[in-house]
Chemist: 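My questions will all concern the structure given below.
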Amino acid sequence: TTALDVAAVRKDFPILQQQVHGKTLVYLDNGATTQKPKVVIDTIERYYETYNSNVHRGVHHLSQVATDAYEKARQTVAGYINAPNANQVIFTKGTTDGINLVANAMSRRFLKKGDSVIISAMEHHSNIVPWQMACEDSGATLKVIPINDKGELLMDAYEAMLDDTVKIVAVTYVSNTMGTINPVEDIITLAHARNIPVLIDAAQAIQHLTIDVQALQPDFLVFSGHKIYAPTGIGVLYGTSEWLNKLPPYQGGGDMIKTVTFEKTIYNELPYKFEAGTPNIAGAIGLGAAIEYLQQTGIPAIQQWEEELTAYAVDQLRQIDGLRFIGDAAHRSGAISFLVHNIHPFDMGELLDQQGIAVRTGHHCTEPLMDRFQIPGTVRASLTFYNTMEEIDKLVAGVKRASKMLL
Ligand code: PMP
């Protein structure tokens, strides 16, 4: 692969060219949300300036242009994850929305008292709370795969948990807090041996790893557009035809129907059955543009650069006196969490911000994981392909400087 031209890539992201507190911005909060390349911003602008119109409804010209662009974006997403059919790509508001859709439908049709749902100790709140709600409504029990001190799933414990009560397994591909890459292939294979469906939360994987749903074979896979250089308010639920056809609709309304009478409604086919109401048209088109941008920039080169950056960051941070990682998995991507001596993460985050370095501090919507490590929160640097080695050096120097000031 040809190496990534990071300097050229950075020019594609207007927001990176600014100063914060008089310092050049070092944006290391990509796990929370990613920045948008100009082409995505322009695509959305062009939509509103030249063909804004509702989709699937009008015979008029603009409506057809908008519908074509919206459906082309669905094709682009389907191609990116290698979905067998674009009608298995449902546009949602985001990861949270996709998980709620599946959890809600599962609790209404497929969960009852005595059943159980498996999640893991490192889940984001959005892959915990919807399942707690589903269990509360159905009488099912929530079970949690434990982790070791490095932040890796205990696969033996997982295997032992798989019994006939389990009706679904929902786990994250990559931990948003620790960056752990979970062995989702094995998780799915073990569940499928017992005919148990698996939902993969790919919110932190879709932008860093190649995901081929036909190879991986998840029953459901969800992600958010805003973590892959697209706008907020758009996301994707991929599902197998079998499960998407089996699940009842989530919300009722326009577009999700074939015919409506007061006596009975016939639901629309996939994917429209799950897309009630006017969708986020600009968001979907923006997501398509973001994926095309990645493909044109070169995904192998992007991934290789991200791996080099992460390895360098982990190596450099490890040498800081008094620094310990929260999660130090053998296979990792994106996020790096740490604490230095007994310095509170908020204090560290504030001093880094004064140096123009944006990191996230706190529990990262993984409170049970913080409890597991008996800490209130972490400092999290999360990297992506527009970051540079110089920015890692600035982070390391910034952490050292802040430590000196705070100790
Ligand atoms: N799961 C994981 C692993 C995440 O990192 C996030 C976002 N931080 C979510 C779910 C929720 O995504 P969203 O807020 O975009 O719905």
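Numbers here simply count residues along the sequence, with the first being 1. One-based numbering, in listed order, for ligands and for the atoms of each.
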Chemist: For H125, what residues pass the ring-ring contact (aromatic ring centres under 6.0 Å, His included) criterion, not counting sequence neighbours?
Modeler: H363
Chemist: Checking N52 now: which residues fulfil side-chain hydrogen bond (donor to acceptor under 3.5 Å, both in side chains) with it, not counting sequence neighbours?
Modeler: Y47
Chemist: Please name the residue in the list L162, I188, I200 that meets the side-chain contact (heavy atoms from CB on, under 4.5 Å) test with V169.
Modeler: L162
Chemist: Quiz question: by atom type and distance under 3.5 Å, do the side chains of Q207 and T384 form a donor-acceptor pair?
Modeler: no
Chemist: Looking at residues at least two apart in the chain, or sitting in another chain, which of them share a side chain to side chain contact (heavy atoms under 4.5 Å, CB included) with A83?
Modeler: A78, I81, V89, V213, Y238
Chemist: Does this structure show an ion pair linking D115 with K167, if we count only N-O contacts that are shorter than 4.0 Å?
Modeler: yes
Chemist: Which protein residues have a heavy atom under 4.0 Å from ligand 1?
Modeler: T95, T96, H124, S126, T172, N176, D201, A203, Q204, S224, H226, K227
